There are 2 protein chains.
Amino acid sequence: MPDIKHFDPDAALERAERLFWKHGTGSAESSVQAVTTATGLNRSSLYATFGSKHDLYLAALRRYLDHRARPAFRRLAEDQRGLPAIRDFFTALIDIRCTGEHSGWGCMFVNAHVDPQHNDPGVRALLDEHHRLLRDALRSALQTAVRLGQLATTHPIEGTAETLALLAYGINLRSRAGATAEELLGTLHSALAQLSPRA
Amino acid sequence: MPDIKHFDPDAALERAERLFWKHGTGSAESSVQAVTTATGLNRSSLYATFGSKHDLYLAALRRYLDHRARPAFRRLAEDQRGLPAIRDFFTALIDIRCTGEHSGWGCMFVNAHVDPQHNDPGVRALLDEHHRLLRDALRSALQTAVRLGQLATTHPIEGTAETLALLAYGINLRSRAGATAEELLGTLHSALAQLSPRA
DNA sequence: GTTATCTTGAACTCATCGTTCCAAGAACTG
DNA sequence: CAGTTCTTGGAACGATGAGTTCAAGATAAC
């Protein structure tokens with residue numbers, strides 16, 4: 001008896017995700033009006049499907065985590081090459097941040113730290129989950145590097161993983177201010193050189 | 001003949017600075033109405049003194065740079081102790097970010113990277129100036145550390161300064177999501193351990 | 001085809017946004 | 001004290017914010 005949706009909810013969510021990724025929730029370019037324009041659906045369908053704007057933002061964050069961040073983290077964690085895995089993870093990150101369609105957008109989760117809604121419990125939980133996933137993936141790769149005898153230090157790798165996670169945040173952030181890929185790759189090279197044994 | 005201002009413009013600017021620091025420009029808590037409430041002056045005086053909201057934000061950023069960031073950078077650059085200077089700079093940073101009045105606010109310039117206005121040329125110029133100042137101060141301190149024979153690496157210190165700058169950004173960012181001082185101090189300790197000669 | 005149920009479009013609510021305007025008041029000069 | 005000029009309070013501007021409502025349209029079950 002019921003009618004069915006005349007659109008693909010996930011396709012609409014993906015459009016909203018990109019809007020919030022680029023502009024956050026506090027910009028005129030990410031108003032509900034802008035979302036309706038970008039997705040092609042109207043207010044009624046939007047609210048009936050996703051609830052409030054805040055709910056939509058949460059869903060968009062979740063989608064970014066599941067569709068963009070988590071796969072990259074998983075590849076990193078499962079890469080058995082050690083330091084080269086970390087290097088490739090960061091070079092791919094820099095490439096995405098500085099070139100192509102999403103250039104200058106930064107990371108949606110880094111941006112979310114500064115969003116007007118960043119203190120909301122739902123947002124905060126996602127921030128923590130994202131951070132934990134990133135740190136753990138780096139720790140796995142570092143663990144592999146230890147196994148392969150690639151690391152110079154004898155310090156616990158927990159701290160190194162956390163340091164690299166913060167480095168990733170810094171890269172994501174600076175890419176929003178127009179930092180070039182060359183610039184960021186140079187910084188990456190320097191940071192990784194600290195990890196390798198002395199020449 | 002003319003009347004004079006019935007308030008202290010810099011005191012008002014300081015109030016606005018705190019509002020934009022904590023909430024950015026895109027939040028309901030940093031509306032012009034909120035600024036008038038926080039500063040005690042009304043719209044007319046606000047606009048007559050600072051111009052548009054965007055101009056006020058620029059002035060607030062400039063004030064943060066001159067009154068908060070630059071003095072800390074200068075102390076770091078002029079500190080002749082080398083690595084301990086860098087350590088103290090970061091521990092003071094973490095302290096400010098995690099305890100006291102400004103706890104959880106992060107760094108106004110890190111936040112500005114994500115603000116709706118971050119692509120404005122005036123804002124962008126300030127972001128670059130801030131980044132250059134931070135990086136140069138770290139480079140000066142590292143240079144001193146080299147002179148004192150405190151560094152483990154033979155790599156150029158340019159990259160290390162940039163890496164530490166991005167680490168600072170990461171610390172500032174995570175402090176907004178409730179990262180504890182212990183957590184961040186641990187990460188700092190690990191990062192600095194990479195710089196010191198092996199035990 | 002009828003009917004029940006969901007979707008959809010568009011008008012609408014009320015609040016707030018940034019900004020402007022103007023009359024009333026205050027302060028310095030002479 | 002008179003006169004000039006700026007400041008100040010508060011109302012008002014048009015635009016836009018998020019969210020709701022409801023009749024009209026579409027769909028599938030019977």
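If you're wondering where the values come from, they're calculated on a predicted model, not measured in any experiment. Below, each value reflects all heavy atoms present in this structure, side chains not excepted, and no hydrogens, waters or symmetry copies.
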Taking the nucleotide of DNA chain C with the closest heavy atom to each, which residue, K53(B) or S44(B), is nearer the 5' end? K53(B)
Can you tell me how far C1' of dG9(C) sits from CD of Q33(A), to the nearest Å? 13 Å
Indicate whether the side chain of H130(B) and that of Y64(B) have a donor and an acceptor atom separated by less than 3.5 Å. no
What is the separation between atom NE2 on H54(A) and atom C1' on dG17(D), rounded to the nearest whole Å? 17 Å
May I have the distance from D55(B) (atom CG) to dT20(C) (atom P), rounded to whole angstrom? 11 Å
Would you indicate what A28(A) reaches in the nucleic acid, counting non-hydrogen atoms under 4.0 angstrom: base, sugar-phosphate, or nothing? sugar-phosphate
Integer-rounded Å distance: dA26(C) P and F7(B) CZ: 17 Å
CZ of R43(B) versus P of dC21(C): gap in Å, rounded? 15 Å
Looking across every strand, which nucleic acid part, if any, lies under 4.0 Å from V32(A) by heavy atom: base, sugar-phosphate, or nothing? sugar-phosphate
Return the nearest nucleotide to the side chain of N42(A); candidates are dT8(C), dG18(C), dG19(D). dT8(C)
More than 12 heavy atoms of other residues, nucleotides or ligands under 6.0 Å from CZ of R70(B): is that the case? yes
Would you tell me if any nitrogen or oxygen in the side chain of S45(A) comes within less than 4.0 Å of OP1 or OP2 on dT8(C)? yes
Phosphate-side-chain proximity, S31(B) and dC17(C), N/O vs OP1/OP2 below 4.0 Å: yes
Heavy atoms from C-beta onward define the side chain here; which of dT7(C), dA11(C), dT8(D) lies closest to that of H6(B)? dT8(D)
d(CG, D8(B); P, dT8(D)) in whole Å: 12 Å
Closest approach to the side chain of Y47(B), judged atom by atom: which nucleotide of dA11(C), dT7(C), dG18(C) is it? dG18(C)
I need the NZ-P distance between K5(A) and dT7(C), as an integer number of Å. 5 Å
Just wondering, are more than 12 heavy atoms of other shown residues or ligands nearer than 6.0 Å to NE2 in H189(A)? no
Test item: side-chain donor near acceptor, N42(A) and S45(A), under 3.5 Å: yes
Taking atom C1' of dG10(D) as reference, at what distance in whole Å does atom CG of L41(B) sit? 15 Å
Is it true that R75(B) and D88(B) have a side-chain N and a carboxylate O under 4.0 angstrom from each other? no
